[in-house]
K.L.:
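Before anything else, here's the structure in question.
All residue numbers in this chain count up from 1 along the given sequence. Please read these numbers as outputs of a predicted model, since none were measured by experiment.
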Amino acid sequence: MAAAQRIVIENCSIATVDAADTEYASGYVVIAGNRIEAVGAGKAPEGLENVVRRIDATGHLVTPGLVNTHHHFYQWITRGLATDHNLFNWLVALYPTWARIDEPMAYAAAQGSLAMMARGGVTTAMDHHYVYPQGSGDLSGAIIRAARETGVRFTLARGSMDRSEKDGGLPPDFAVETLEGALSATEATVKEHHDASFDAMTQVAVAPCSPFSVSTELLREGAELARRLGVRLHTHGSETVEEEKFCHELFGMGPTDYFESTGWLGEDVWMAHCVHMNDSDITAFARTKTGVAHCPSSNARLAAGIARVPDMLKAGVPVGLGVDGTASNESGELHTELRNALLINRLGSHREAALNARQALRLGTYGGAQVLGRAAETGSLEAGKLADLVLWKLDTLAHASIADPVTALVFGAAAPVTASFVNGRQIVEDGRLLTVDEDAIARSTRDEAQRLARIAAQS
């Protein structure tokens, strides 16, 4: 790194979220190129070469960038609908509208979703996109293009559905792919877009949607495809009591046993929600190191229940945080999920001992990186890791009287982001994106939402 340009950040509190939870009341971070070169207490070392910028971060907490582990970007243009429904009724109400999306809609919705997360401290995002209507254009390419323009690190979970209403599923018949078509398109997406390198900005996972929208064959063959291509697997699991009933009626077993029977437990797998998990389910996830994307706001919005996150963590299950689609979490922000995860889990059986502030921060950073298979590269502030980090401003009215900065970040109001760096490149300054035009995105998402509403009404 001797010849790399350096950025020095000083005079800040630092929560590294490393294995020892190392923190500094006043310290520094040195960025060299796209890597973290050094983190420590006090002032940065003297004599550093090629320092192109020094940031006096007095009054700030520096943390790893937030990592989002579950989302559906396209839902940005269907926010505020079916607001008083449980999951199954919500899906039935919205599938007919979602099945009319096209490439311009997917692109605008991805821009909106990404912009909202990035300006709130997300440096690694993912999108589980599973709606591919015939003739709708290159939806995967549009989503990846939006992520590239925003400047975030990104995983596209290329989803699919092949179980429609005629097969006992929930999606309309015209909204699904064939088994062969889904597998072929997924493989093509991986081969075109997946980057396996250490500092990859774009990766792809294989992601059939859910047990009630996907055939057993698509699940089993999807797992085989992912492992042949060397990529990760993602789906929804154990989200509601209705899903558990569905699996017992259709397959004669609960969701976890069904997933295991199709090859869908393993350290290369992560599942969204996992709300209704019994002790044996959690043991199976811990034994196989299957990851969980915890989505507290969406779980509450759809009245799905409270996931047993404290029990999962105690058992050794990898757990990260997810925004989930903005049709079930209209704010679309991950930094608010730190607080919501802590508060909602305290309503469960563990009460005040469920989660603390540092556990919540770990869920949103290192835990997310672990779930996405990128914990060696990001998720904590350590020398040699990628320079994905956030400066949270904590000296204003909203937080200044809270002595502990991590407590201020998690328990307090949503903290302003003074700067966010991804791969050593600054993408946010004083709460505004530097890479894209937020106002233009607001206009385009409104226009595409209105166009989709008109098309759905006419259909």
K.L.:
I want to check something: taking the side chain as every heavy atom from C-beta on, are His273 and Met271 in contact at a cut-off of under 4.5 Å?
P.N.:
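No, too far: nothing below the 4.5 Å cut-off.
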K.L.:
Going by the angle between their ring planes, with limits at 30° and 60°, are Trp98 and Tyr95 parallel, tilted or perpendicular?
P.N.:
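Taking Tyr95 first and then Trp98, their aromatic rings stand perpendicular (interplane angle over 60°).
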K.L.:
Counting N and O atoms only, with roles assigned by atom type, does the side chain of Asp324 sit under 3.5 Å from a partner on the main chain of Ser298, one being a donor and the other an acceptor?
P.N.:
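No.
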K.L.:
When you measure from the side chain of Arg358 to the backbone N and O of Val406, does any donor-acceptor pair fall under 3.5 Å?
P.N.:
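No, Arg358 side chain to Val406 backbone: no donor-acceptor pair under 3.5 Å.
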K.L.:
For the CD atom of Gln111 and the CD1 atom of Ile143, what is their distance to the nearest 0.5 Å?
P.N.:
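Between Gln111 CD and Ile143 CD1, I get 12.0 Å after rounding to 0.5 Å.
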K.L.:
Tell me, with the steps shown, if Asn345 and Ile306 meet side chain to side chain contact (heavy atoms under 4.5 Å, CB included).
P.N.:
CA-CA 7 Å; Asn345 277 280; Ile306 302 172; 4.2 Å; yes
K.L.:
Could you tell me how the ring of His236 sits relative to the ring of His234: parallel (under 30°), tilted (30 to 60°) or perpendicular (over 60°)?
P.N.:
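The rings of His236 and His234 sit tilted, inter-plane angle from 30° to 60°.
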K.L.:
Below 4.5 Å, heavy atoms only, C-beta onward: do Ile7 and Val52 meet side chain to side chain?
P.N.:
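Ile7 vs Val52: side chains touch.
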K.L.:
Looking only at heavy atoms, which two atoms of Val62 and Cys12 are closest? And how far apart?
P.N.:
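Heavy-atom minimum between the residues: CG2-SG, 3.6 Å.
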K.L.:
Does Glu177 reach the side chain of Asp162, with side-chain heavy atoms less than 4.5 Å apart?
P.N.:
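In short, these two side chains do not touch, never coming nearer than 4.5 Å.
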K.L.:
Kindly indicate whether the side chain of Trp264, heavy atoms from C-beta on, has any atom under 4.5 Å from the side chain of Pro208.
P.N.:
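Trp264 vs Pro208: side chains touch.
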K.L.:
Has the side chain of Thr78 got a donor or acceptor atom that lies under 3.5 Å from a matching backbone atom of Gln75?
P.N.:
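Indeed, once roles are kept as given, a pair shorter than 3.5 Å links the two residues.
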K.L.:
Considering only heavy atoms from C-beta outward, does the side chain of Arg163 approach that of Leu218 to under 4.5 Å?
P.N.:
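They are not in contact (no side-chain heavy atoms under 4.5 Å apart), so the answer is no.
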K.L.:
Salt bridge or not between Arg451 and Glu448? Use side-chain N to carboxylate O under 4.0 Å.
P.N.:
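Looking at Arg451 and Glu448, the cut-off is met.
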K.L.:
Would you say Thr445's side chain and Ile441's backbone share a donor-acceptor pair under 3.5 angstrom?
P.N.:
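Looks like yes, one N/O pair under 3.5 Å.
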K.L.:
Could you check whether any side-chain N or O of Asp195 sits under 3.5 Å from a backbone N or O of Ser197, counting only pairs where one atom can act as donor and the other as acceptor?
P.N.:
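A pair under 3.5 Å: yes.
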K.L.:
With side chains defined as the heavy atoms from C-beta onward, is the minimum distance between Trp270 and Val292 less than 4.5 Å?
P.N.:
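Result no, sub-4.5 Å side-chain heavy-atom pair not found.
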K.L.:
Sub-3.5 Å donor-acceptor pair from the side chain of Thr435 to the main-chain atoms of Thr150, do we have one?
P.N.:
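The answer is yes, because a donor-acceptor pair under 3.5 Å joins these two groups.
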K.L.:
Side chains of Thr288 and Val269, heavy atoms from C-beta outward: is any pair under 4.5 Å?
P.N.:
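They are not in side-chain contact.
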K.L.:
I need the Tyr258 OH to Leu250 CG distance, nearest 0.5 Å.
P.N.:
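Reported to 0.5 Å precision, the distance equals 7.5 Å.
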K.L.:
Search all heavy atoms of Ala146 against all heavy atoms of Ala110 and return the closest pair with its distance.
P.N.:
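Answer, listing the atom of Ala146 first, then Ala110: CB-CB, 3.8 Å.
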K.L.:
How about CD on Gln450, more than 12 heavy atoms from neighbouring residues, nucleotides or ligands closer than 6.0 Å, or not?
P.N.:
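Yes, enclosed.
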K.L.:
Report yes or no: do Ser444 and Tyr107 form a side-chain donor-acceptor pair below 3.5 Å?
P.N.:
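Checked: Ser444/Tyr107 side chains show no N/O donor-acceptor pair below 3.5 Å.
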K.L.:
Does Glu337 reach the side chain of Asn329, with side-chain heavy atoms less than 4.5 Å apart?
P.N.:
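Yes, at least one pair of side-chain atoms sits under 4.5 Å.
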K.L.:
Determine whether a donor-acceptor pair (N or O, by modelled atom type, separation under 3.5 Å) exists between the side chain of Arg153 and the backbone of Asp199.
P.N.:
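Pair found, side chain donor or acceptor close to backbone of Asp199.
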K.L.:
Taking Thr326 for its side chain and Trp76 for its backbone only, find out whether a donor-acceptor pair lies under 3.5 Å.
P.N.:
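A pair under 3.5 Å: yes.
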K.L.:
Is a side-chain N or O of His335 found less than 3.5 angstrom from the main chain of Ala414, in a donor-acceptor match?
P.N.:
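A pair under 3.5 Å: no.
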K.L.:
Might you point out which heavy atoms bring Ala415 and His399 nearest each other, and give the distance in Å?
P.N.:
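In this case the closest contact between Ala415 and His399 is CA-CE1, 3.6 Å.
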K.L.:
Answer with yes or no whether the side chains of His60 and Thr418 bring together a donor and an acceptor at under 3.5 Å.
P.N.:
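Checked: Thr418/His60 side chains pair up, N/O donor to acceptor below 3.5 Å.
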